[in-house]
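Report on the structure given below.
Order of listing sets the numbers, starting from 1, for every ligand and every atom in it.
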Amino acid sequence: MAVQKAAAASSSGFDAVVEHILIHYRWAFVILLLPISLVYDVLLYVRSWVVFQLSSAPHKHGSKVENVAKQVRQWRAEGARQPMCTARPSWQTMSFRRAKYKKTMFAVNVNLVDILDLNTERRTVRVEPLVTMGQLTATLDPLGWTLPFVPELDDLTVGGLVMGTGVETSSHKYGLFQHICVAYELVLADGSIVQVTKESDPDLFYSVPWSYGTLGFLTAVEIKIVPALRFVKLQYEPVRSLEEADTVLRKHLDHPEENEFIEALMFSKDEGVVMTGNMVSCADWGKLNEIGRCHKPWFFEHVRSFLRSGPGFEYIPLRDYQHRHTRSFFWEMKEIIPFGNNPLFRYLFGWMTPPKVSLLKLTQTQAVKKLYESNHIIQDMLVPIEKFKESVLFFDKEVAVYPLWLCPFRLPSEPGMLRVPKDAMYLDIGVYGVPTRKDFDPKETTRRIEAFVAKAKGFQMLYADTYTTRDEFRQMFDHSLYDKMRARLKCEKAFPEVYDKVCRKARD
Ligand SMILES: Cc1cc2nc3c(=O)[nH]c(=O)nc-3n(C[C@H](O)[C@H](O)[C@H](O)COP(=O)(O)OP(=O)(O)OC[C@H]3O[C@@H](n4cnc5c(N)ncnc54)[C@H](O)[C@@H]3O)c2cc1C
Ligand SMILES: NC(=O)C1=CN([C@@H]2O[C@H](COP(=O)(O)OP(=O)(O)OC[C@H]3O[C@@H](n4cnc5c(N)ncnc54)[C@H](OP(=O)(O)O)[C@@H]3O)[C@@H](O)[C@H]2O)C=CC1
Ligand SMILES: CC(C)=CCC[C@@H](C)[C@H]1CC[C@H]2C3=C(CC[C@]12C)[C@@]1(C)CC[C@H](O)C[C@@H]1CC3
């Protein structure tokens, strides 16, 4: 008995040491991931480059979509026993959690990774769903075109952004990712392939966004494009109180057409920097800041410096601006490589950063996962702009995590999950990091935040943890059109409901 106890004690002591190393020196493992991430990116780049040069993707698209339809027909032929989902493994996706359902459902391989067609007359680009934001901007920007807005993490996919959602700093003009999409190609539960536009089938068109892959498989999306200019002239306005932040944001939102980009970072509840910008074709070279260069400070730290130096402006190359939060994963990188913003590190290793989110997820140990679970929050809450001050004070009371990401967006009154009675301006409040309030409890705190957001007539982004009950989720998101479409497309056996994919029980 004594021996067992001693063994248990020594093994738990050993576990504790391992846990300590994995948590406090994770950066050492992450640094090993950097060259692997680079090789991964280089291989993808070369593959995409060859495909783009050979222009082979458009010809092969039809047979690849037929292959998706064939798998759906096979599922039916085998008796439709389990619901279906895409075969994309959870570790490759951008949400923190892994989807448990991927292990049990019928996995359909949707291996569609290419840009299909750039139509400058129609001003659209047609892409397959696994095309990433990094891939799109790398292809479009040099050709003088770009997306009206680019959700900034390089590895976000078009499929995920349509089926979930995407928001960015020109969303105050253009809305969410779904609002810049003009057509979807889908494989439905009966194995048929359909092309859907607002005109051809409004019910299906409006119910695809936020459906999280539960109405059919997306195989292509046509997205609006706009002319790209070389630089963004970005204005930084420090604010010294919440009142001032509110006044400055509203001043800009009252004239949404004056700025292409509006974003704010709050560094405490009383201090922040509001950024506004427009694309321009020429820059004053003395004011050029190539923030995308690997030795440059992390963007949020650069923004913070305007609290000390006062208001200012500079010119940033367009693509550097579009991916400004990628290198530091907003500010999450400081938890992963604490000295990642040190100039020495940036000069020595910056060229290999960031590690790929997918590899971080793949190599994450239980200890790190537990740590993130008990002492971390990754949430985006979409609230009406009028609730700005109240929301910041609420988040401050509950978690006090800074910086806070503030991104206004236009929400048109349209059918679908985000039903609002009239066009409205909303605000995405992004809370990413370690809560500094002592009584933080992942479940209880998130429950209180969800109740606050529901009361404010807001929405929770689907990629993040939700602890809502099915009823609460159905109250937050309007399911009337969605339910109608699930019945029409005979989805009941084919796909789970959105709630069953995003609730806490479905993710580990
Ligand atoms: C040859 C090479 C050298 C590199 N050297 C450096 C370096 O010196 N310093 C450094 O920091 N990083 C370097 N990298 C890494 C690169 O910067 C990282 O991969 C970066 O993190 C990826 O950024 P990105 O995804 O935004 O853009 P990109 O690397 O520009 O491209 C991302 C994706 O875009 C797609 N893509 C690009 N061009 C096209 C096209 N014409 N058509 C279709 N798809 C396209 C590819 O799928 C690629 O995966 C290098 C990569 C390559 C391929
Ligand atoms: N700036 C922003 O707007 C940011 C947005 N995000 C969020 O990240 C998520 C996107 O991440 P990403 O890794 O790209 O996507 P995911 O692989 O996480 O996909 C999200 C959902 O979309 C479904 N889906 C994806 N592709 C298809 C398809 N071709 N056909 C049918 N269903 C599909 C997936 O279904 P299945 O489960 O069957 O695979 C999954 O349920 C979104 O939810 C987005 O809101 C995250 C960070 C920033
Ligand atoms: C701008 C919007 C709407 C959301 C941004 C969310 C991001 C900050 C998170 C999305 C995926 C998150 C992951 C991590 C950090 C925060 C995100 C990038 C990790 C890299 C944290 C470290 C873990 O080991 C892996 C995580 C993967 C997902």
Sub-3.5 Å pairs, protein N or O with ligand 3 N or O:
| from | atom 1 | to | atom 2 | distance (Å) |
| --- | --- | --- | --- | --- |
| ligand 3 | 24 (O) | Arg26 | NH1 | 2.9 |
| ligand 3 | 24 (O) | Arg26 | NH2 | 2.7 |
| ligand 3 | 24 (O) | Gln364 | OE1 | 2.5 |

Write none if no such pair exists; otherwise list each N/O atom of ligand 2 with its protein N/O partner under 3.5 Å and the distance.
| from | atom 1 | to | atom 2 | distance (Å) |
| --- | --- | --- | --- | --- |
| ligand 2 | 1 (N) | Glu152 | OE2 | 3.3 |
| ligand 2 | 1 (N) | Val167 | O | 3.2 |
| ligand 2 | 3 (O) | Val167 | N | 2.8 |
| ligand 2 | 13 (O) | Arg88 | NH1 | 3.1 |
| ligand 2 | 13 (O) | Met94 | N | 2.8 |
| ligand 2 | 14 (O) | Thr157 | N | 2.8 |
| ligand 2 | 14 (O) | Thr157 | OG1 | 2.6 |
| ligand 2 | 17 (O) | Arg88 | NH1 | 2.8 |
| ligand 2 | 29 (N) | Leu218 | O | 2.9 |
| ligand 2 | 30 (N) | Leu218 | N | 2.8 |
| ligand 2 | 35 (O) | Lys501 | NZ | 3.4 |
| ligand 2 | 37 (O) | Tyr101 | OH | 2.5 |
| ligand 2 | 37 (O) | Lys501 | NZ | 3.1 |
| ligand 2 | 38 (O) | Thr86 | N | 2.8 |
| ligand 2 | 38 (O) | Lys501 | NZ | 3.0 |
| ligand 2 | 39 (O) | Thr86 | OG1 | 2.6 |
| ligand 2 | 39 (O) | Lys102 | NZ | 2.5 |
| ligand 2 | 41 (O) | Tyr212 | O | 3.2 |
| ligand 2 | 45 (O) | Thr165 | N | 3.2 |
| ligand 2 | 45 (O) | Thr165 | O | 2.5 |

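With 3.5 Å as the limit, one finds no donor-acceptor pair spanning the side chains of Trp75 and Gln82. No side-chain donor-acceptor contact under 3.5 Å links Thr132 and Asp155. Inspection of the Gln92 and Ser358 side chains reveals no N or O donor paired with an N or O acceptor under 3.5 Å.
A cation-pi arrangement is present between Arg324 and Tyr321 under the rule of less than 6.0 angstrom and at most 45 degrees off the ring axis.
The side chain to side chain donor-acceptor pair (under 3.5 Å) search around Arg437 returns Asp396, not counting sequence neighbours. The side chain to side chain donor-acceptor pair (under 3.5 Å) search around Thr436 returns none, not counting sequence neighbours.
Here Phe495 and Phe217 bring their ring centres to under 6.0 angstrom of each other.
Interatomic distance, CZ of Phe459 versus CG of Asp380, reported as 14.5 Å (0.5 Å rounding).
Nearest heavy-atom pair, Glu497 versus Thr214, reported as atom, atom and distance to 0.1 Å: C-CG2, 4.0 Å.
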